[in-house]
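Because the structure is predicted, anything quoted here is derived from the model rather than measured. By convention in this document, chain letters (A, B, ...) are assigned in the order of the sequence lines, proteins followed by strands, and residues within each chain are numbered from 1.
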There are 2 protein chains.
Amino acid sequence: MSDKPSPSARVSLDDVALRAGVSTATVSRVLNGSASVRPSRREAVERACEELGYVINRAARTLASRRSMTIGAVVPTLATETFSRPLAAFQQQIHQSGYTMLLASSDFDPDTELKEVNKLVEYGIDALMLVGNSHHPRLWERIAQQNIPCIQTFSVDARYPSVGYDNELAAGELTAHLLALGHKVFAVIVGTPPSNDRVSDRITGTRQALAAAGLTLDEANLINSAFTMNEAREAMFRLLDGPNPPTAVICGNDLLAFGAMRAASERYLRIPNDISITGFNDYEYAEHLEHPLTTMRVELDRIGEVAADYLLATLNGETAPVQTLLKPELIVRGSTGSAPRAAKG
Amino acid sequence: MSDKPSPSARVSLDDVALRAGVSTATVSRVLNGSASVRPSRREAVERACEELGYVINRAARTLASRRSMTIGAVVPTLATETFSRPLAAFQQQIHQSGYTMLLASSDFDPDTELKEVNKLVEYGIDALMLVGNSHHPRLWERIAQQNIPCIQTFSVDARYPSVGYDNELAAGELTAHLLALGHKVFAVIVGTPPSNDRVSDRITGTRQALAAAGLTLDEANLINSAFTMNEAREAMFRLLDGPNPPTAVICGNDLLAFGAMRAASERYLRIPNDISITGFNDYEYAEHLEHPLTTMRVELDRIGEVAADYLLATLNGETAPVQTLLKPELIVRGSTGSAPRAAKG
DNA sequence: GTGAAAGCGCTAACAA
DNA sequence: TTGTTAGCGCTTTCAC
């Protein structure tokens, strides 16, 4: 009585129809949960699928139906929590609606991003998630042309659907906190190519806050090539050895801040007595570091969820908030304190 | 002279053929880099593609060619470096060969994993990457049936292609290190369902090493539900308040170890004088913690690379090493030290 | 409620 | 080197 399919023969919908004694149209209806199929036939089809070990061919379905049930996501890199966390949330969310994620990385490069988006479009993605708001000039053109719902994350952008926070504002808040503590000499450690809008917004925010206080950010104190903790640590050494050693250091994320703190400690600087350091994101470990980190708490998971919700709603023809502004929260901890009194003189 | 395609009309290969004045077969040849096309025609086709803004339809290509140029990956979760790091490396590697990654998460559940694999198969993945070696009974059956090259990661497994390390051995080494320091009362903090072979192998490794020293692991000292740093911290409190407070605590990864250390510190235990704690993975920050962490260094990126290389080689009909055993390295730092002398009497 | 039949957009023999 | 043609496996009118 064994009905095992021969291993070499790929069973198709036709085989199922044949076995169930119905037409391919009916099989298709059952597969797609169409209401109008007589229960007895439905059962017959389901049994045939089971017995034959039928696996639907999505390429064929996509071709015929013009929907891939696939959503694309392009992030700068998977190698940091900053993106992998929201992506995890995003994926879980779209998954609940039956979508599968096609994932690509841009490596922080707009050209690569465009290429990846093009490829995803070739695969027929039904919707797309992007990070940031500064892309290749032709990227939005292509997306509009294909008529694919798309949302930007991490930055807000009045021109397009987006979910994120106001990086300028967040950096301003952080800077204000440090200014209130009496700091006058600032430094910034980030890891980013110039194309990164989130980071450049933050730098702008810091610069504006400084300007409002009659201060400026020394160019020599702006380090924008630190991606890892060790790179931040080394950057900090350079800062301390530089022409204008800061008393307040604003870092792009908590890991970089950790690296900066390590360097300071290795130079026997006391935190926060001699130097104040801030992070960004409020990773789980931030509060547990030797010097609990002052940082901006952002809801990483929420970004992914909101992005998914927007896309899913749009795909369903529902309306969803096009702009979602998340509000980062300043968390003041022990890594920041009053500026040291001028040492000598 | 504007040749902008009308936004509504999807341009197909036929349109390109028409415009270039060749057959669809020739367009297909150009698209696929077939050598035998006269340069003049090739150029004509390329120009037509450009002018029409042609985007290939991969669903159609997949259907016709029976190759999707897609590789599937299923990981327990994206939300931890442990998997997102190797995945990043994997993705980069397959990408260089023109493949796109279809990503799914199992959430540590074999049933979910099977479902996800089935879905990926529906999408026609050409190859598959899995984590671990304990899956749903029908998973390998399905893969074999579909004849899809597949590799397991993080664990080695003689039955199937795999790349990973010997978790039992690694845990044994760690345990031996602690035994040599005179520890007698051990605890283990991991976050994992029972299905997780990597972790259960490690527990086995620890148990065996203990047994060899005439010791056992108190069941009350085995905590297997700590995924986050804070959960590890709380687990540690329970351990310290438990019937058999350990002097040596083996944690599933560096983040958990960090949490455990925090709890110990909050109870005014000195590390490593009063208690020794170990991690796993050697994350970048491990050496910079207040108490630099003794841990096993594993090449997370390498796992992804090797997996990708194996799959790509297999897809090309080349042979590649079917088993790759990576060797974790014991890194001894300040979080472990001699067992405290028995306190009271 | 069901089936027949016409594609979806591409590749791959096969012929020329 | 090139074109013709027959599918790939599904969905989806449109009749019935």
Side-chain angles (χ1 to χ4, degrees), chain A residues 5 8-46 48-49 52-70 98 119 121-126 146, chain B residues 5 8-46 48-49 52-70 98 119 121-126 146:
Chain A
S8 57
R10 200 57 102 257
V11 347
S12 74
L13 189 145
D14 293 85
D15 301 324
V16 175
L18 205 65
R19 172 131 190 163
V22 301
S23 72
T24 62
T26 296
V27 176
S28 179
R29 288 188 187 105
V30 171
L31 258 30
N32 291 290
S34 164
S36 51
V37 174
R38 189 167 305 166
S40 65
R41 305 221 165 180
R42 177 183 300 282
E43 275 169 36
V45 168
E46 280 163 354
C49 284
L52 261 28
Y54 173 66
V55 177
I56 196 172
N57 181 326
R58 298 245 185 184
R61 170 182 281 186
T62 298
L63 183 57
S65 70
R66 288 105 177 291
R67 300 188 60 201
S68 69
M69 290 307 283
T70 262
K119 209 206 257 182
V121 168
E122 294 176 354
Y123 278 106
I125 49 168
D126 296 330
Q146 302 290 326
Chain B
S8 57
R10 198 61 99 259
V11 345
S12 74
L13 189 143
D14 293 83
D15 302 324
V16 174
L18 205 66
R19 173 131 188 163
V22 301
S23 71
T24 61
T26 296
V27 176
S28 178
R29 288 187 187 105
V30 171
L31 258 30
N32 291 290
S34 163
S36 51
V37 175
R38 189 166 305 165
S40 64
R41 305 223 167 177
R42 175 181 302 280
E43 278 167 33
V45 169
E46 281 162 353
C49 286
L52 260 27
Y54 173 66
V55 177
I56 195 174
N57 181 326
R58 297 243 187 186
R61 171 182 281 186
T62 297
L63 184 57
S65 70
R66 285 104 177 289
R67 301 187 59 202
S68 68
M69 291 306 282
T70 262
K119 208 206 259 183
V121 168
E122 293 176 355
Y123 278 106
I125 50 168
D126 296 331
Q146 301 290 326

Practice prompt. Would you mind reading off the distance between A/R41 atom CZ and C/dG3 atom C1', rounded to a whole angstrom?
Written response: 9 Å

Worksheet item: Whole Å only: how far is the CG atom of A/L31 from the P atom of D/dT12?
Response: 12 Å

Worksheet item: Quick one: the side chain of A/R42 and the base of C/dG1, do they pair up donor-acceptor inside 3.5 Å?
Response: no

Worksheet item: Rounded to the Å, how far apart are B/D14 CG and C/dG9 P?
Response: 8 Å

Fill in: Spacing of B/R58 atom CZ and A/K119 atom NZ [to the nearest 0.5 Å]
6.0 Å

Worksheet item: C/dG3 phosphate, OP1 or OP2: any side-chain N/O from A/S23 under 4.0 angstrom?
Response: yes

Worksheet item: Does the side chain of B/R41 reach to within under 4.5 Å of the side chain of B/V30, using non-hydrogen atoms?
Response: no

Worksheet item: Does OP1 or OP2 of D/dC10 have a side-chain N or O of A/S28 closer than 4.0 Å?
Response: no

Worksheet item: CG of A/L63 versus C1' of C/dG7: gap in Å, rounded?
Response: 9 Å

Discussion item. So if I take every side-chain heavy atom of A/T24 and compare against C/dA12, D/dG9, D/dT11, which nucleotide ends up nearest?
Written reply: D/dT11

Item to complete: Ignoring backbone atoms, test whether B/N32 places a side-chain nitrogen or oxygen under 4.0 Å from the OP1 or OP2 oxygen of C/dT11.
Response: yes

Worksheet item: Whole-Å distance between D/dT11 P and A/M69 CE?
Response: 12 Å

Worksheet item: Between A/S68 and A/G124, is there a donor-acceptor pair closer than 3.5 Å when you use the side chain of the first and the backbone of the second?
Response: yes

Worksheet item: Between C/dC10, D/dT2, C/dG3, which nucleotide has the shortest distance from any of its atoms to the side chain of A/V22?
Response: C/dG3

Fill in: Value in whole Å for how far the C1' atom of D/dC14 lies from CZ of A/R29
11 Å

Item to complete: For A/V27, answer base if it contacts any base atom (sugar-phosphate contacts may also be present), sugar-phosphate if it contacts only those atoms, and nothing otherwise; contact means non-hydrogen atoms under 4.0 Å.
Response: nothing

Worksheet entry | Minimum-distance nucleotide (side-chain atoms of A/I56 versus C/dT2, D/dC10, D/dC8) | D/dC10

Worksheet item: OP1, OP2 of C/dG3 versus side-chain N and O of A/T26: anything below 4.0 Å?
Response: yes

Item to complete: Could you tell me whether the phosphate oxygens of D/dT2, OP1 or OP2, come under 4.0 Å of any side-chain nitrogen or oxygen in B/R38?
Response: yes

Worksheet item: With respect to the phosphate group of D/dG9, does any side-chain polar atom (N or O) of B/R66 fall under 4.0 Å of OP1 or OP2?
Response: yes

Practice prompt. Run through B/V37, B/L13, B/V27 and flag the one making a side-chain contact (heavy atoms from CB on, under 4.5 Å) with B/V45.
Written response: B/V27

Worksheet item: Taking all non-hydrogen atoms of both residues, which atom of A/E122 and which atom of B/V55 are closest, and how far apart?
Response: CG-CG1, 3.6 Å

Worksheet item: Counting only side-chain N and O atoms of A/Y54, is one of them less than 4.0 Å from OP1 or OP2 of D/dC10?
Response: yes

Worksheet item: Roughly how many Å is it from CG in A/L13 to P in C/dA4, rounded to a whole number?
Response: 14 Å

Worksheet item: Nearest-Å distance, CD (A/E122) to P (C/dT11)?
Response: 11 Å

